[in-house]
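Working notes, beginning with the structure itself.
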Amino acid sequence: MDERQLRILRELGELGSVTAVAEALLVTPSAISQQLRLLQRAIPVPLTERQGRRLVLTDAGQALAGAAAEVETALARARQAVEEFVGRPGGEVSVAAFHSAGAAFFPPLLRALTGPGKPVPRLADEDVPQEDFPRLTREYDVVLAHRLDHAPPWPDTVAVTPLLREPLDVAMPAGHPLTAKRRVTPRDVADEPWITVHEGFPVLATIEAIAAAAGRRLHVAHRINEFSVVAEVVAAGGGIALMPRWTMRPHPALVLRPLSGAQARRHIDALYRPERTARTAVRTVLTELRRAARSIQDTP
């Protein structure tokens with residue numbers, strides 16, 4: 001049995017004929033009769049009987065119709081609760097981000113959402129390969145993900161709010177000979193020891209593109225995913241690395257130079273399941289993330 005069938009039984013008890021119920025519910029009499037038959041199959045005793053030209057409820061039918069009223073009342077309360085939840089400006093919103101995005105976006109998000117009546121962010125770091133970001137939308141309301149400029153787009157299973165298209169610059173220690181150049185090329189950096197990410201993570205494809213443009217393999221000295229750790233290793237003379245231009249705080253011992261001759265840019269996007277944006281609180285978080293992205297990009 002379902003809500004529609006129970007409502008038909010209840011209306012039949014009050015109106016006394018299939019035709020009257022059909023007119024009240026704006027459907028055909030045959031549709032009403034079909035739903036009554038389906039409901040009767042689930043009940044081991046008769047629910048209706050004929051009294052002359054009228055179809056009336058049996059005692060069992062009347063008992064079920066009474067219960068149907070309670071069901072409709074409970075469902076109405078449930079719908080009201082959902083509507084209030086969806087429309088509530090506050091409430092918890094879970095947000096996950098890979099490390100450098102978390103460092104850049106979490107602080108302004110927290111500052112913007114301080115105060116009564118605003119969403120309460122529940123933050124988490126998730127450092128995963130690119131193909132795993134969409135799966136995280138099962139666990140979180142919003143997921144900050146990144147992919148390279150030339151990588152395939154995100155699957156249709158998630159909705160996407162673009163935040164940044166961030167250049168990846170070559171980071172080197174202050175005083176390195178290449179700091180004399182305003183821009184560097186793949187050939188300039190091909191003979192340097194490199195610090196890069198583990199297999200499966202987005203930045204690695206740009207390293208491969210640099211090697212292809214230079215015509216030789218690069219020497220990967222260290223594999224480190226966390227950019228703040230990479231920055232310290234570069235500063236200590238462990239090699240050079242690709243570093244995001246905007247989402248990493250400037251390091252006093254590093255110099256960044258743009259790369260020419262190979263694509264070196266990543267998309268930072270907010271991923272979420274479309275139904276999550278039915279909530280006012282989730283839409284508010286997305287608005288604040290877009291505002292934070294503009295601020296991050298405009299910071300000198």
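The structure displayed is predicted, hence computed values, not measured ones. The chain is numbered in sequence order, starting from 1.
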Same cluster for [X] and [Y] if Ile/Leu/Val/Met/Phe/Trp/Tyr side chains link at under 4.5 Å?
{"X": "V120", "Y": "L109", "result": "no"}
{"X": "V128", "Y": "V229", "result": "no"}
{"X": "F98", "Y": "I195", "result": "no"}

Query raised in the report: With a cut-off of 6.0 Å (strictly less than), are more than 12 heavy atoms of other residues, nucleotides or ligands near CZ of R223?
Result: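 Yes, enclosed.
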
Query raised in the report: In terms of heavy-atom contacts, does CZ of R216 have more than 12 from other residues, nucleotides or ligands at under 6.0 Å?
Result: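 More than 12 heavy atoms, drawn from other residues, nucleotides or ligands, come within 6.0 Å of this atom.
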
Are [X] and [Y] packed together at the side-chain level, in the sense that at least one heavy-atom pair is separated by less than 4.5 angstrom?
{"X": "D59", "Y": "V45", "value": "no"}
{"X": "V27", "Y": "Q35", "value": "no"}
{"X": "N225", "Y": "F201", "value": "yes"}
{"X": "D127", "Y": "D125", "value": "no"}
{"X": "V93", "Y": "R122", "value": "no"}
{"X": "Y140", "Y": "R273", "value": "no"}
{"X": "T247", "Y": "R266", "value": "yes"}
{"X": "L36", "Y": "V18", "value": "yes"}

What's the separation between atom [atom1] in [X] and atom [atom2] in [Y], rounded to the nearest 0.5 Å?
{"X": "L9", "Y": "I32", "atom1": "CG", "atom2": "CD1", "value": "11.0 Å"}
{"X": "D169", "Y": "R245", "atom1": "CG", "atom2": "CZ", "value": "4.0 Å"}
{"X": "L178", "Y": "M172", "atom1": "CG", "atom2": "CE", "value": "5.0 Å"}
{"X": "L168", "Y": "R265", "atom1": "CG", "atom2": "CZ", "value": "10.0 Å"}
{"X": "F227", "Y": "L242", "atom1": "CZ", "atom2": "CG", "value": "7.5 Å"}
{"X": "L144", "Y": "L289", "atom1": "CG", "atom2": "CG", "value": "5.5 Å"}

Looking only at atom types and distance, does a side-chain atom of [X] sit under 3.5 Å from a main-chain N or O of [Y], one as donor and one as acceptor?
{"X": "T114", "Y": "L110", "result": "yes"}
{"X": "S94", "Y": "D141", "result": "yes"}
{"X": "D269", "Y": "L271", "result": "no"}

Query - Selection residues 23-34 - residue pairs positive for salt bridge (Lys or Arg N to Asp or Glu O under 4.0 Å), sequence neighbours left out - result: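 Pairs touching residues 23-34 that pass the test: none.
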
Requested in this report: Take F105 and L164, measure what side chain to side chain contact (heavy atoms under 4.5 Å, CB included) needs, and give me the verdict at the end.
Outcome: CA-CA 11 Å; F105 282 91; L164 288 174; 4.0 Å; yes

Which heavy atom in [X] sits nearest to a heavy atom in [Y], and how many Å separate them?
{"X": "A65", "Y": "L57", "answer": "CB-CD1, 3.9 Å"}
{"X": "A104", "Y": "I296", "answer": "O-CD1, 3.6 Å"}
{"X": "P29", "Y": "A22", "answer": "N-CB, 3.6 Å"}
{"X": "A293", "Y": "L163", "answer": "CB-O, 3.4 Å"}
{"X": "I210", "Y": "A262", "answer": "CG1-CB, 4.2 Å"}
{"X": "R165", "Y": "D149", "answer": "NH2-OD1, 3.0 Å"}

Query raised in the report: Listed by chain and number, what are the ring pair (Phe, Tyr, Trp, His ring centres under 6.0 Å) partners of F133, not counting sequence neighbours?
Result: H146

Query - Note: D188-R183 ion pair, threshold 4.0 Å (strictly below) - result: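 The answer is no: the pair does not qualify as a salt bridge.
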
Query raised in the report: Going through the checks in order, is the side chain to side chain contact (heavy atoms under 4.5 Å, CB included) test met by L254 and M243?
Result: CA-CA 10 Å; L254 297 187; M243 194 74 65; 4.3 Å; yes

Query raised in the report: Using a distance-only test with no angle check, is there a side-chain donor-acceptor pair under 3.5 angstrom linking T28 and S30?
Result: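 Yes, S30 and T28 have a side-chain donor paired with an acceptor closer than 3.5 Å.
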
Report task. Before giving the answer on side chain to side chain contact (heavy atoms under 4.5 Å, CB included), spell out for I224 and V233 the whole-Å C-alpha distance, their side-chain angles and the decisive distance to 0.1 Å. Result -> CA-CA 9 Å; I224 304 170; V233 175; 3.7 Å; yes

Requested in this report: Carefully, step by step, assess M248 and L256 under the rule side chain to side chain contact (heavy atoms under 4.5 Å, CB included).
Outcome: CA-CA 11 Å; M248 277 291 296; L256 301 185; over 6 Å; no

